[in-house]
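The figures that follow rest on heavy atoms only: side chains count, while hydrogens, waters and symmetry mates do not. Letters A, B, ... mirror the listed sequences (proteins, then strands); counts begin at 1. The shown structure was predicted, so the numbers you read here are calculated from the model rather than taken from an experiment.
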Protein chains: 2
Amino acid sequence: MSSTVPDTERAAREARWAESLRGHGRRVTRQRLAVLEAVEHAPHAVAEDVVDAVRAELPDITVQSVYVVLSDLTESGLLRRIEVPQSPARYETRVADNHHHAVCSSCGRIEDVDCAVGHAPCLTPSDTHGMTIQVADVLYQGICADCRTAAQAAD
Amino acid sequence: MSSTVPDTERAAREARWAESLRGHGRRVTRQRLAVLEAVEHAPHAVAEDVVDAVRAELPDITVQSVYVVLSDLTESGLLRRIEVPQSPARYETRVADNHHHAVCSSCGRIEDVDCAVGHAPCLTPSDTHGMTIQVADVLYQGICADCRTAAQAAD
DNA sequence: ACACAATTATGAGTAATTCATAATAAGGTG
DNA sequence: CACCTTATTATGAATTACTCATAATTGTGT
């Protein structure tokens, strides 16, 4: 009982996750709840981060099981998978809106960026060679404030 | 001498590649020229495709060497690497403009899409949390004309 | 509490790529 | 032109990030 965070908040979140899982025809398991909690608390986490976080609660969970759960939750729409170059896949619980991501090419940190227009696809490409576009994912690349400051200090 | 394509054209292209390589402080090797030719003739090719194409000319080249050459050419800016979900990295020689890509979620085919505005970054995100944006890569996902026709025929 | 399908665990396997080190070759120099 | 230096490529092994097949377990409706 050393936690300063009330268990009631967590219980409430888990109840919402449970409802969401059932709504997608999925069973409610401790593994799924723990993975959802982990990703909720560490947005853009990679699978390994999720394993570490989940093991605080379920010490014997295997890496493979976490991959299965992550894939299933992504397929059912409770998680979104983000693919960034030079990095394993990342996950987030923010799935309702079509937002984008900015990655720092120096340190790799990732920030959410709101969609330029607000709905998906938020961009209308010119000539798509007959393809019907459903989604436009934008990946901004640049330098974050910290890395810029560090680079200027080095001059 | 069964080729119907004049060797002079190829020689001219290779001379341009050679000049470009030297301009980037790189030595001109048969491996690099063959990789550049392969990617030029098969845009969006994956490493394995490049190995196959290059081996028509240099039968003993190893997969690892092709990876080294591809990485080096990408770093020096002669090639651009494209990362598409569910696919190994792809390469193209079109590096001068900031264009984007559309991938068919059914068959995986990739098409070039001109930049919405014409210069990089071609999109101005709203709030970047202090990050200075340099490039905006857009990945459109949708259904290509062929797959749409096939799906309709199946109804 | 039971049954049965959904889910997770276990152990192995794979694809794509990287790494360390040795051999080779490009290109400037004498 | 032969030589030397360093860049480049070859070789063999290793690694990362996942995936797969199958067995054990656990939710959930009845």
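Looking at B:S71 and B:T74, their side chains never bring a donor and an acceptor atom within 3.5 Å of each other. Remark: the A:E111 side chain and the A:H100 side chain contain no N/O donor-acceptor pair separated by less than 3.5 Å. Side-chain contact of B:E92 with B:H101: a donor-acceptor pair under 3.5 Å is present, judged by distance alone.
Summarising the geometry, the separation between CZ on A:R90 and C1' on D:dC18 is reported as 16 Å, rounded to the nearest angstrom. The nearest whole Å value for the distance from the CG atom in A:D72 to the P atom in D:dG27 is 15 Å. Counting to the nearest Å, the P atom of C:dA6 and the CZ atom of A:R22 are 16 Å from each other. A:L33 places its CG atom 13 Å from the P atom of C:dT7, with the value rounded to the nearest Å. To the nearest angstrom, P of C:dT7 lies 14 Å from CD1 of A:I61. If you measure from atom CD of A:E14 to atom P of D:dG27, you get 13 Å, rounded to the nearest angstrom. As a whole-Å value, the separation of A:L70 CG from D:dA17 C1' is 12 Å. Rounded to an integer number of Å, the gap from B:E83 CD to C:dA16 P is 13 Å.
Of the two residues near DNA chain D, B:V66 and A:R81, the one whose nearest nucleotide lies more 5' is B:V66. Closest-nucleotide positions on DNA chain D for A:E48 and B:T62 were compared, and the one nearer the 5' end corresponds to B:T62.
Within 4.0 Å (heavy atoms only), B:A89 reaches sugar-phosphate atoms of the nucleic acid but no base atom. Note on B:V69: only backbone sugar-phosphate atoms sit closer than 4.0 angstrom, heavy atoms only; bases stay farther off. Residue A:V63 is classed as having no contact, given no heavy-atom separation below 4.0 Å to the nucleic acid.
For the salt bridge (charged side-chain N to carboxylate O under 4.0 Å, His left out) test with A:D72, the passing option among A:R27, A:R32, A:R81 is A:R32; the others fail. Of the candidates B:I82, B:V39, B:D49, B:I82 is the only one forming a side-chain contact (heavy atoms from CB on, under 4.5 Å) with B:H44. Across A:H41, A:E40, A:R80, a single residue satisfies side chain to side chain donor-acceptor pair (under 3.5 Å) together with A:T93, and that is A:E40.
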Would you tabulate the pairs of protein nitrogen or oxygen atoms and nucleotide nitrogen or oxygen atoms of nucleotides 19-25 of chain C closer than 3.5 angstrom?
none

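Candidate nucleotides C:dT17, C:dA9, D:dA17 were compared by shortest atom distance to the side chain of A:Y67, and D:dA17 ranks first. For B:S71, taking side-chain heavy atoms from C-beta onward, the closest of the listed nucleotides C:dT18, C:dG27, D:dA17 is C:dT18.
Side-chain N/O atoms of A:S65 include one lying less than 4.0 angstrom from OP1 or OP2 on C:dA9. Within the 4.0 Å cut-off from OP1 or OP2 of C:dA6, not a single side-chain nitrogen or oxygen of A:R26 is found. Between A:R32 and the phosphate of C:dA6, there is no side-chain N or O to OP1/OP2 separation shorter than 4.0 Å.
For the atom pair CD of B:Q31 and CG of B:L73, the computed distance is 11.0 Å after rounding to the nearest 0.5 Å.
Distance alone, capped at 3.5 Å, is enough to place a donor-acceptor pair between the A:H129 side chain and the B:D112 backbone.
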